[in-house]
Every structure is written in C-alpha cells, then in structure tokens.
Amino acid sequence: MQLTTEQLEQLKEQHPLLQELINLKPVVWLNPKRKQMEQVANLPVTFEDVKQAEETWQRFAPYLKSVFPETADMQGIIESDLRPALRMQKRLETYFHQPLHGKLHVKCDNELPVAGSVKARGGFFEVLRYAETLALRAGLIGADDSYEWFATPEAKEFFSGYSIGVGSTGNLGLSIGIISAQLGFHVTVYMSADAKAWKKELLRRKGVEVVEFAGDFSEAVTTGRQKTLALENGYFVDDEKSRELFLGYSVAALRLKQQLQQQHIRVDEEHPLFVYLPCGVGGAPGGIAFGLRHVFGDHVHPVFVEPTHSPAVLLGLMTGLKSEISVQDVGIDNETEADGLACRQAVEFRFRKLRTIDFGRCDS
Ligand SMILES: *Cc1c(COP(=O)(O)O)cnc(C)c1O
C-alpha cells in the first residue's frame, strides 16, 4: 500500500515501536489482543480440522514409507526429534548475563526427512490432500483402500494430467516440488531472486520445472499464481492464502504433545511452555501456534521470530493493517541472509481472527 508521509507519521505516533523497527533494532512486541482459549470462538478452522489433518497424514504413511526410504524407521510419519539443548542454554545465559528458567529444547525440524525444513509439514500436506481429493473424485481409490496405490504407475499417469505451481524463496519450492514430482504431477516452482542455487539444482534433478525470478517472494507468488491458474488443470499452492498449508503445519502440535509426554515434560500453570517459531509470512508459525493453543490452552506462549530486515508479520499485527502493509512501505529493505524468512507481507489467511490466539513475538 502507498503510505503518505503524513500517514506514516501517524502510524509512528500510534505505535512508538515502529520507529525502532524502521531503525532495524531488535524489539519485543506482546500481542494485546491475545485471548484466553475459552473466549475464542468462531475461528475459520477448528481443532477438529487439525485432527482430521493428522488422519490424512496417517493414511498416507504407507505411501510415504514406500517412496521415501528415509521415512521407513518412522513408518512413513514425517517427524523430527525434540532434543535438550543444554550447551545452548548455557551459552544464552552467558550471552544475556541472566539465568534461563526452565529447560531449553530444540525441535529439530531442520532435520525433517525428505524436504529438510518445516515446509515438509505444510507443503507435503497440501499436495497429498489435493492428490487424495482428485483420486477419490475420479473413483480411482476408495477411502478404505491402501494408499500405496499412489506409488503405482497408474497413479503417476493420472496425476501427469494435472499441474501444480508454487512461488517460493526456496524451502516451500523444495517441498512442493519433491512431493509433486514424486506423485507424477507436472510441477513448476517460481523461485525468487534470493533462493539458493543448490535448491534450484536439486529440484531440476528431480524433474521439477524451475522458473527463476528477478524479484522477491511476493512477486514470485503473484506471477506463479497467474501462470498456474491460467492452466486448464492448474493448482496453485498459495503461501499467502492457503488453508491446507496452515492445517499441515498445525499437526506439529499433536506430535509435540506426544514427545513432551514421552520425555515426562509437564506443561501446566506452573510449567508454561514458550515456543520460539521462525516466521516468514506467518503461515508455518501461525499453523503451529494454532495447534499448540488448542493442545495446551493458555499455558503455551508461541513467540514469532522474524529477521529485523523482514518484520512483515509484526508490522501487520501491530498496525492492524495485516497483509495490506509491506515492510518496504515503511522503508525496510527485506534483505536478509535468512532466505526462508525474507517476506515483505504477512499471510492473508483469515488473519484478523487468528491473531487473537497468538501471543506476540520478538525480532532478532
Ligand atoms: C518458511 C520457513 C519458515 C517460516 O514459515 P512462514 O510460513 O513463511 O512464516 C521458517 N523456517 C524455515 C526454515 C522456513 O523454510
């Protein structure tokens, strides 16, 4: 959106933190709209949707196990370890000259099998669910059949009649590209300029069409969306709008609950859980936070962490302008080494309703 100097000055007056954001200072913002879970109603997605998403993952587990041998140990469930981070905790205490209360753990989504990032959750889920919908609709499988069918030549032949497109800074493209190509879809990834070269090469090796883009993430998404939707059987995975990505991510909360129980870690009034989530457009941390609030109620405090050069979600939440405002509108450059987080605008997905379940966030 175009802001006049006057409007910008007004925003700064209303939100004193804004000047610090513009100065690229690390800041903490606590969401004043956070609600108690019992006051939360009429959300555009429900906990029932999260549980159904987990069931979808379970149905596809035999398929994933058969096509991605690295998931065999986990019976086709794509999940990462939860590990104590004792040394990191000590280092942080030294760095900040204060004790860190409680215990620090790392949820190792960087090691998620096959796609190697949190995008394995949302991206794989959306494509699997789309494939399932197509196959059921065409009567090629029944709801009770084994999903190993998806690995058959018949399935690949069927999906080759459909195209999937996605705009990405890298990781979403990797996950959508890998799973779509494996299923047999014709898949095109629109990569923004900041995407790493190795990610593009890996995708091309897997038969994915990679369109390189001079602009940033939002431009890659806009062009990708137009080109894909112009195709006859085109389906666009829309990182700025998608409900399915959101639900795919949210399942992480159910898995984390299990892992905490297995490790005898309690979460209750006396033992609140703080979860620090790296944030780009806000879909992954939003989906995970949504699941977490339903699993742990008011005892969990999701904190979104964005690069100081790309504080898109903070800007949208704090000003109330949601996905309308971009970091460049206030003069922030959106250039960061954290390529997966270089997003200038926040996700659009029913933003206003969902912000009430979030806690807040800090920049670093
Ligand atoms: C995409 C991504 C995120 C953030 O997800 P958004 O939905 O863009 O907020 C965080 N970490 C990594 C590694 C990612 O690839």
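We number each residue from 1, following the sequence as shown.
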By the side-chain hydrogen bond (donor to acceptor under 3.5 Å, both in side chains) test, which pairs, at least two apart or in different chains, include something from residues 153-169? Trp149-Glu154
Results of ring pair (Phe, Tyr, Trp, His ring centres under 6.0 Å) for Tyr249 - residues two or more places apart only: none
Can you run down the ring-ring contact (aromatic ring centres under 6.0 Å, His included) pairs that involve residues 69-124, sequence neighbours left out, and say none if there aren't any? none
Got a sec, which residues hit side chain to side chain donor-acceptor pair (under 3.5 Å) with Glu212, two or more places apart in sequence or on another chain? Lys200, Arg204
Taking ILVMFWY side chains as joined if any heavy atoms are under 4.5 angstrom apart, and letting links pass through other members, which residues group with Tyr190? Val211
With sequence neighbours left out, what residues match Tyr235 under ring pair (Phe, Tyr, Trp, His ring centres under 6.0 Å)? Tyr130
Does anything in residues 130-143 form a salt bridge (charged side-chain N to carboxylate O under 4.0 Å, His left out)? List the pairs, not counting sequence neighbours. Arg59-Glu132
Applying side chain to side chain donor-acceptor pair (under 3.5 Å), can you list everything that pairs with Asp333, at least two apart in sequence or on another chain? His309
Using side chain to side chain donor-acceptor pair (under 3.5 Å) as the criterion, list what pairs up with Glu335, not counting sequence neighbours. none
Report, one line per pair, each donor and acceptor closer than 3.5 Å where one atom sits in a side chain of residues 170-179; sequence neighbours left out.
from: Asn171; atom 1: OD1; to: Lys199; atom 2: NZ; distance (Å): 2.8
from: Ser175; atom 1: OG; to: Lys119; atom 2: O; distance (Å): 3.0

How would you list, by chain and number, every residue that makes a side chain to side chain donor-acceptor pair (under 3.5 Å) with His271, sequence neighbours excluded? Asp268
If you look only at pairs with a residue in residues 106-117, which of them pass as a side-chain hydrogen bond (donor to acceptor under 3.5 Å, both in side chains), with sequence neighbours excluded? Glu79-Lys107, Ser80-Lys107, Ser80-Asp109, Arg83-Glu111, Lys107-Gln259, Asp109-Arg121
Check the orientation of Phe60 and Tyr63. Use parallel for under 30°, tilted for 30 to 60°, and perpendicular for over 60°. perpendicular
